[in-house]
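Heads up, the thing below is written out as structure tokens.
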Number of protein chains: 2
Amino acid sequence: MDGKLTKENATEQQLPRLGIAPYLTLMGDTASSETDQDAAQLGLLMLWLGDHVLDIMDLELSSYSITESKLDLLLMLFLHADKELLTPSALADRMGIRRSSVTALLNWLEKRNWINRESYDKDGRMTHVRINAEGRVFLQQVLPQFWSTCASLIEDLDTEERKLFSKVLLKLNDRIEKRLGVGR
Amino acid sequence: MDGKLTKENATEQQLPRLGIAPYLTLMGDTASSETDQDAAQLGLLMLWLGDHVLDIMDLELSSYSITESKLDLLLMLFLHADKELLTPSALADRMGIRRSSVTALLNWLEKRNWINRESYDKDGRMTHVRINAEGRVFLQQVLPQFWSTCASLIEDLDTEERKLFSKVLLKLNDRIEKRLGVGR
DNA sequence: GAATCTAGTTAGATTATCTAATTATATAAA
DNA sequence: TTTATATAATTAGATAATCTAACTAGATTC
């Protein structure tokens with residue numbers, strides 16, 4: 001909501017931005033000989049960029065008083081709404097987090113009356129979770145902002161760059177999801 | 001340390017992986033007409049990938065009992081070690097977090113005796129923070145793993161892809177750091 | 001010299017996680 | 001069919017990384 005962090009610190013012996021160069025020098029000194037340093041440089045940039053991207057998204061979402069993780073779950077509930085059975089366990093598996101973490105997120109969503117929990121007839125241990133009408137209304141409200149924030153991350157790439165970037169992102173995302181054993 | 005999450009849930013009515021397609025359909029229905037949907041698709045992938053990348057790094061670092069944020073700060077202390085004055089405030093500004101958050105991170109690093117705090121002669125309010133010999137030894141131990149993890153994120157891109165990806169990453173990272181007003 | 005500003009810390013909260021224990025139900029085995 | 005085991009969800013309690021607000025102690029300004 002605040003945009004950049006409001007300056008808490010005024011005058012200041014500011015630190016210069018180092019850029020990536022000194023990191024690469026250090027890498028030269030400390031990387032194992034088996035490490036592909038060109039690849040590592042790209043990985044480092046990806047790590048930094050990934051961090052910033054999440055920061056931006058949470059910043060933009062904060063005006064809707066929701067965080068990326070919660071929206072992520074709500075979206076998942078929406079997209080799987082056709083399933084006959086949608087349990088916290090299955091959601092936890094898909095998201096790569098523990099059931100107890102899903103419980104906490106669901107409690108939050110339920111408190112706002114965006115989802116309902118129904119106990120499952122055919123197996124009394126299980127709970128079927130579904131997004132309800134109010135939850136859908138909320139999605140309608142927040143998603144335009146969500147998509148435009150996604151787009152804003154990319155906007156100054158030209159068409160050629162986007163095409164290549166798209167290919168690479170799909171490849172990397174696919175591979176990393178396999179590695180982690182999770183994914184949307 | 002565990003690699004993938006150890007399976008807590010056994011049998012399971014597993015949820016299928018949806019892939020990006022249904023997200024795009026939903027985007028078609030809910031994005032504002034001003035939103036560039038091709039860009040938004042890439043942004044969404046970046047968001048997902050960024051998330052995964054941070055997960056992988058924290059997973060790999062967990063065997064050294066340090067997290068990405070703490071290592072990030074320790075690295076920054078190392079790379080700015082030549083400065084005459086390096087204060088928590090300046091670090092907070094560079095990292096885009098509050099001074100009190102830096103205090104917490106520094107306490108953690110200090111408890112392990114990797115850094116020292118010295119009060120600054122010329123201004124009694126300020127503290128000069130420096131990485132010490134033990135901190136440097138720790139960096140020597142952890143960095144090979146850190147770099148190889150960075151490299152592992154990228155390893156299956158070919159030379160051509162890497163070259164263009166590099167260009168795009170630098171551009172995006174630069175722009176996003178300006179937008180957030182922070183950066184390394 | 002009194003009021004104000006600044007740096008750092010502390011106190012206390014929130015969010016997203018985790019593990020371990022608990023409860024209730026279901027399944028398998030004796 | 002009782003008993004043991006397994007599973008699903010939740011609860012209890014912890015940790016990490018953040019935040020804001022209040023506080024302390026120096027520095028600056030008027």
Side-chain-base donor-acceptor pair under 3.5 Å for A/Ser100 and C/dT19: yes

Would you mind classifying the nucleic acid contact of B/Thr103 as base, sugar-phosphate or nothing, using non-hydrogen atoms under 4.0 angstrom? base

Begin from the C-alpha positions of A/Glu161 and B/Lys167 and carry the test salt bridge (Lys or Arg N to Asp or Glu O under 4.0 Å) through to its verdict. CA-CA 9 Å; A/Glu161 289 170 325; B/Lys167 203 182 117 204; 3.5 Å; yes

Can you find a side chain N or O atom of B/Arg98 that sits less than 4.0 Å from OP1 or OP2 on D/dA21? no

Is the shortest side-chain heavy-atom distance between B/Trp108 and B/Thr67 below 4.5 Å? no

Rounded to the Å, how far apart are B/Leu106 CG and D/dT18 P? 12 Å

Closest nucleotide among D/dT18, D/dA8, C/dG8 to the A/Met126 side chain: D/dA8

Pair B/Arg162 + A/Asp38: basic N to acidic O under 4.0 Å: no

Look at the side chain of B/Pro88 and decide which nucleotide, out of C/dG8, D/dC19, D/dA16, has an atom nearest to it. C/dG8

Would you indicate which nucleotide in C/dG8, D/dT18, D/dA27 comes nearest to any side-chain atom of B/Ala104? D/dT18

What is the distance from CG of B/Asp123 to C1' of D/dA25, rounded to the nearest Å? 11 Å

Length of the CG-P vector between B/Asn107 and D/dT18, whole Å: 14 Å

Are side-chain heavy atoms of B/Ser166 and B/Lys163 found at a separation under 4.5 Å? no

Can you tell me how far P of C/dA7 sits from NZ of B/Lys122, to the nearest Å? 17 Å

Given atom CD of B/Glu110 and atom P of C/dT10, what is their separation to the nearest angstrom? 10 Å

Taking only side-chain N and O atoms of A/Lys70, does any of them lie within less than 4.0 angstrom of OP1 or OP2 on C/dA16? yes

For D/dA16, take OP1 and OP2 only and decide whether either is under 4.0 Å from a side-chain N or O of B/Thr67. no

Rounded to whole angstrom units, what separation is found between the CG atom of B/Leu59 and the P atom of D/dA16? 16 Å

Check: A/Arg117 main-chain N/O paired with A/Arg130 side-chain donor or acceptor under 3.5 Å: no

Does B/Ser89 place a side-chain N or O at less than 4.0 Å from the phosphate oxygens OP1/OP2 of C/dG8? yes

Judged by each residue's nearest nucleotide on DNA chain C, which is more toward the 5′ side, A/Trp108 or B/His128? B/His128

Could you state the atom-to-atom distance from CD of A/Glu118 to P of D/dA8 in whole Å? 19 Å

Do A/Arg99 and D/dA9 share a donor-acceptor pair, side chain to base, under 3.5 Å? yes

Report which part of the nucleic acid B/Ser101 touches: base, sugar-phosphate, or nothing (heavy-atom distance under 4.0 Å, all strands). base

Specify the separation, in whole Å, of atom CD1 of B/Ile97 and atom C1' of D/dC19. 11 Å

